[in-house]
Amino acid sequence: MTHIIAGRLQQQDQVQQAIYQLMVLGFAPGQISSFYLNPPGQHDMYPVGGDRDESPGATKAGSGALNGAAAGGAVGAAVGMIGAPVTGPVSTALGALVGAHVGALIGSLSQMKDKGETTDDDAENAASVRRSGMMVAVSVSKPESEQHVITVLKNLGADQIEMGEGTISKGDWTDFDPRVPPNFIPTSLPSTNSVTGAVASSVASSVASAAAGSSTSTPVEQQAAEQGVTGREL
């Protein structure tokens, strides 16, 4: 496994330009993966559709239902006892049964949360979310190349850039799991500092040099255009 840097782009020509610039920097086509990422919940990880066998927000629904049933049953029984002199003992039992049912329903619903929703005593449900769109990912084996990749993606308009661990083989990010929360890299950092400026100049110089020597029989531009988004959806 290696470091993988991936960015979300909006248009096909941005994807092709990203692949082209990454190849100019020395990355082989097999190190670069491009694919379309579906919205959360629509990754079809199961034969019947969906991403999970149960909702992450429903993990506490069971305890909520038990607590609600106990409270509702007690209240219902108390209300039933009021009518017992008129309707008899069945009123108490019926009141407890209805109260438990309504309490269980309210209790389970009160404990369910959407992914990303937080409460004061439960930060476990908080998570970063990838937006759908075209993704370009590259396997980076040298730490000194990471900033170059980030600069390329940022300059092309990537609004979500993430770093992770994984394997890209023959252009396919084989172990990518869209359900795993991403580790986003801030994209709002100023690009006028000396480090980022130097990296941008290096990338621009490499691209210019490749353009000047594009008379070879297999130009990098053609390879990038042929690769594009592979059509795979995740």
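- Two residues are said to be in side-chain contact when any heavy atoms from C-beta on lie closer than 4.5 Å; Ile4 and Val140 fail this criterion.
- Considering CG of Asp159 and CG of Leu153, their distance stands at 11.0 Å, rounded to 0.5 Å.
- When side chains are defined from C-beta on, Ile150 counts as touching Gln147, because their heavy atoms get closer than 4.5 Å.
- Using a cut-off of 4.0 Å between Lys/Arg side-chain N and Asp/Glu carboxylate O, Glu162 and Arg130 are scored as salt-bridged.
- At least one side-chain heavy atom of Leu25 sits under 4.5 Å from a side-chain heavy atom of Val152.
- Minimum heavy-atom separation, Ile32 to Met23: CD1-CG, 3.7 Å.
- Shortest non-hydrogen contact noted between Trp173 and Gly166 is NE1-CA, 4.1 Å.
- Between Val129 and Gln160, the shortest heavy-atom contact is O-NE2, 3.3 Å.
- Separating the CG atom in Leu37 from the CE atom in Met135 is a distance of 6.0 Å, to the nearest 0.5 Å.
- For the pair Gln14 and Gln10, the tightest heavy-atom approach, listed with the atom from each and the gap, is OE1-N, 2.9 Å.
- Side-chain N/O atoms of Thr2 and Ser141 include no donor and acceptor closer than 3.5 Å.
- With values rounded to the nearest 0.5 angstrom, Asn183 atom CG is found 12.5 Å from Ile161 atom CD1.
- Taking 4.5 Å as the limit, every side-chain heavy atom of Ile168 sits out of range of all side-chain heavy atoms of Thr174.
- The side-chain heavy atoms of Tyr36 and Val15, taken from C-beta on, include no pair separated by under 4.5 Å.
- Considering every non-hydrogen atom in both Gln12 and Met134, the closest pair reads N-CE, 3.4 Å.
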Problem set entry | Residue pair Leu156, Val136: steps toward the side chain to side chain contact (heavy atoms under 4.5 Å, CB included) verdict | CA-CA 11 Å; Leu156 288 172; Val136 174; over 6 Å; no
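- Ion pairing between Asp172 and Lys170 fails under the 4.0 Å rule for side-chain N and carboxylate O.
- For Gln21 and Gln17, the side-chain atoms include at least one donor-acceptor pair closer than 3.5 Å.
- Judged by distance alone, the side chain of Ser33 and the main-chain N or O of Gly171 form a donor-acceptor pair under 3.5 Å.
- Nearest heavy-atom pair, Arg8 versus Ser132, reported as atom, atom and distance to 0.1 Å: NE-O, 2.7 Å.
- Under the 4.5 Å side-chain criterion, counting only non-hydrogen atoms from C-beta, Ser139 is not in contact with Phe27.
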